[in-house]
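When reading the values below, keep in mind they use all heavy atoms of this one structure, side chains included, and skip hydrogens, waters and symmetry mates. Every number for a ligand or one of its atoms is a count from 1 in the order of the listing. Heads up: numbering here begins at 1 and tracks the sequence. Please read all numbers here as calculations on a predicted model, not as lab measurements.
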Amino acid sequence: MCTEITKDIIHMPDVRLVMNAGSSSLKFAVYTSGADVPVMNGKVTGIGRAPEFSATNAQPDALGALTPETPHDEVVQRVLGWLTAHPEFGHITAVGHRVVHGGREFSKPVLVTGEILDALTTLEPLAPSHQPHNLAAIRAVRGWKASLPQVACFDTGFHASQPKLHSMFGLPRALTDQGIIRYGFHGLSYEYIARVLPRHLGPLADGRVVVAHLGNGASMCAMSARRSVATTMGFSALDGLVMGRRCGSMDPGVLLYLQQGMGLTIEQVEKLLYKESGLLGVSGVSNAMQVLQESSAPEAGEAIDLFCLRAAQELSRMLPCIGGLDALVFTAGIGENSARVRKGICAHLEWLGAHIAPEANATGENSIHSAESAVQIHVIPTNEEAVIAGHMRDLVG
Ligand code: ADP
């Protein structure tokens, strides 16, 4: 018996577990040592409402009964318990997390200690919809096995290369000094795209490139030599493009009017900006682009048109920071899948010489610019989990 157990342990591969804990979902991926492709992916969606589990090679009830009352930390612990009970997935030797905000202090991935966790907790007011959930997952893993190395990888980190001027608001200097600056997000996605760009663009990868990460949250990053020079999200994840439920950039005077003129509380304004605006608010139909595309409501079409126009405007706003545009890359759920949105955005960029090839765009090719286009246009799937797994390999070995 003893020999059998030892044999099992010897044959269990060491695995790195990547976690991406959001407000209502927990996505995870398991990587074996050295590999860049996960051996399994899973997710629990609808936490707090109607939780559902799915994973490669797993039954939907593998985590046991999940109810709307099952808290986030218990979901994390059930995933860990389930993975541990299945030696075919391996022996968890480290856990890596996507953490939305590293502030000014953390621009590179770190091995989490109690002190670092405390420092990251002080950043929660900067990303109230995301940071608490990211950190709760780290705490849940510590509660499960305190000695397990955990790595935090930051969505803000990639933008640390922005020149100071590009990160400043026109606010009093004392506020800038206190950290009220443009941090930018989706950095793990941009880091992945920056890494694979040469494969798709050749030497142009080191030129002037804008990457459009268009998912439920949406932003763009202007890169030069594959480093972030400017980005559309700012101090918070509300800035920039119109998103699924978030408003994107707008006149800050509206915020004052909502409170002073209409008497909304801060909590009501926060809910309005984070949950009730964007594609959902404009269409009154859905926050999901796919649903809007299938809808016949004129408001759904108008929401898509606004999304495209605002995206092109935000892209154009960044161009002075990189001095022009050699290539545009679309990624994430909408960027990778919506030919209509790619076409809609590029229609506003023809003045730049960016011309899409309609057929290549419609059939989902990787390279979708026409022969006469002065700007290359590409679709590249992102992979934030692979970036986290790579950082874990570097930090934990
Ligand atoms: P996030 O990771 O930010 O939650 P995703 O990157 O998964 O978001 O993108 C989700 C968005 O992608 C939704 O608006 C969804 O409707 C849209 N999307 C996914 N597939 C398609 C498709 N085939 N056509 C149009 N939009 C799509």
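Between His378 and His200, the ring-plane angle classifies as perpendicular under the 30° and 60° cut-offs.
Within the listing of ligand 1, atoms 3 (O) sit less than 4.0 angstrom from a heavy atom of Gly217. The ligand atoms of ligand 1 that sit less than 4.0 angstrom from a heavy atom of Ala332 are 6 (O). Short contacts between ligand 1 and Ala288, defined as distances under 4.0 Å to a heavy atom of the residue, involve ligand atoms 14 (O), 16 (O).
Under the 3.5 Å distance criterion, with hydrogens and angles disregarded, no donor-acceptor pair is assigned to the side chains of Glu372 and His355. Judged by distance alone, the side chains of Tyr192 and Thr331 never bring a donor and an acceptor atom under 3.5 Å apart.
Of the options Thr93, Val30, Val141, Ile388, a side-chain contact (heavy atoms from CB on, under 4.5 Å) to Leu17 is made by Val30 and by none of the others.
Remark: Arg182 engages Asp239 in a salt bridge, criterion side-chain N to carboxylate O under 4.0 Å. Salt bridge Lys271/Glu267: absent, no basic N to carboxylate O contact under 4.0 Å. Taking the charged nitrogens against the carboxylate oxygens, Arg245 and Glu276 have no contact shorter than 4.0 Å, which rules out a salt bridge. Using a 4.0 Å cut-off between charged side-chain N and carboxylate O, Asp206 and Arg226 make a salt bridge.
Taking 4.0 Å as the cut-off, Gly244 does not count as a neighbour of ligand 1 on heavy-atom distance. Contact annotation: Glu384 has no heavy atom less than 4.0 Å from any atom of ligand 1.
For ligand 1, the polar-atom distance check finds an N/O of Met289 within less than 3.5 Å of one of the ligand's N/O atoms. Taking only nitrogen or oxygen atoms, main chain and side chain alike, Gly333 reaches within less than 3.5 Å of ligand 1.
Considering only non-hydrogen atoms, atom 25 (C) of ligand 1 lies nearest to Gln293 out of Glu294, Glu336, Gln293.
In this structure, atom 11 (C) of ligand 1 lies nearest to the protein heavy atom Ile334 CG1, 3.7 Å. In terms of protein heavy-atom proximity, atom 26 (N) of ligand 1 is closest to Gln290 N, 3.6 Å. The closest protein non-hydrogen atom to atom 13 (C) of ligand 1 is Asn216 OD1, 3.9 Å. Nearest to atom 23 (N) of ligand 1 among the protein's heavy atoms is Asn337 CB, 3.4 Å.
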Decide side-chain hydrogen bond (donor to acceptor under 3.5 Å, both in side chains) for His391 and Glu191; before the verdict, give the C-alpha distance in whole Å, the side-chain angles of both, and the deciding distance to 0.1 Å.
CA-CA 11 Å; His391 287 307; Glu191 187 176 339; 2.7 Å; yes
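At a 4.0 Å heavy-atom cut-off, ligand 1 touches Lys27 through the side chain alone.
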